[in-house]
Chemist: 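Got a structure here, written out as structure tokens. Questions coming.
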Amino acid sequence: MLEHQWIMSDKPDDDDPESSVLVQTRPKTKRPPLYKVLLLNDDYTPMEFVVHVLERFFSMTHAQAFEIMLTVHKKGVAVVGVFSHEIAETKVGQVMDFARRHQHPLQCTMEREE
Ligand code: TYC
């Protein structure tokens, strides 16, 4: 993205450092990156537990949660939400902690969006 532009004087002089100036052409308001939260499949975590996790931490309806759980079960992984870095980290932590407390190997990770 072009955020600066060289403005030359009428009579450019390569030897004179003040014959051109760097000015800002528009304010730099870069949006902070977003992060995908991914849920991974495994062979041991019960389907109902995954559905409950999606309802509880990702505010999905039972039908939405069931559908996403099945996608993870069949494909191995699915994006369950897209958040700021801080919120994504919190969600991952909540899921991992909840799974560990219930002794399920469920894995949840985050990945920066392009
Ligand atoms: N594969 C698990 C089973 O058959 C269910 C499952 C779905 C586990 C999604 C993890 O993220 C997951 N019990």
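Numbering of residues begins at 1 and proceeds along the displayed sequence. Atoms within a ligand are numbered from 1 in the order they appear, just like the ligands themselves. Computed from a predicted structure; not experimentally measured.
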Chemist: Taking side chain to side chain contact (heavy atoms under 4.5 Å, CB included) as the test, write out the residues that go with Ala65, two or more places apart.
Modeler: Val51, Leu54, Glu55, Met60
Chemist: Return the residue, atom name and 0.1 Å-rounded distance of the protein heavy atom closest to atom 4 (O) of ligand 1.
Modeler: His73 CE1, 3.1 Å
Chemist: For Glu113, is the CD atom crowded, meaning more than 12 foreign heavy atoms sit under 6.0 Å from it?
Modeler: yes
Chemist: Using a cut-off of 6.0 Å, state whether more than 12 heavy atoms not belonging to Phe66 lie near its atom CZ.
Modeler: no
Chemist: Quick one: nearest non-hydrogen protein atom to atom 7 (C) of ligand 1, plus distance?
Modeler: Asn41 OD1, 3.6 Å
Chemist: Quick one: nearest non-hydrogen protein atom to atom 5 (C) of ligand 1, plus distance?
Modeler: Thr45 O, 3.4 Å
Chemist: Please confirm whether Leu40 comes within less than 3.5 Å of ligand 1 when only nitrogen or oxygen atoms on both sides are compared.
Modeler: yes
Chemist: Could you list which atoms of ligand 1 come closer than 4.0 Å to a heavy atom of Leu106?
Modeler: 10 (C), 11 (O), 12 (C)
Chemist: Quick check: Tyr44 and ligand 1, any N/O pair under 3.5 Å apart?
Modeler: no
Chemist: Heavy-atom count check: over 12 atoms from other residues, nucleotides or ligands less than 6.0 Å from Arg112 CZ?
Modeler: no
Chemist: Taking Thr45 for its side chain and Leu106 for its backbone only, find out whether a donor-acceptor pair lies under 3.5 Å.
Modeler: yes
Chemist: Could you check which of Asp42, Asp43, Val72 puts a non-hydrogen atom nearest to atom 1 (N) of ligand 1?
Modeler: Asp42
Chemist: Closer than 4.0 angstrom, basic N to acidic O: yes or no for Glu111 and Lys36?
Modeler: yes
Chemist: Considering the heavy atoms of Leu39, write down every atom of ligand 1 situated less than 4.0 Å from one of them.
Modeler: 11 (O)
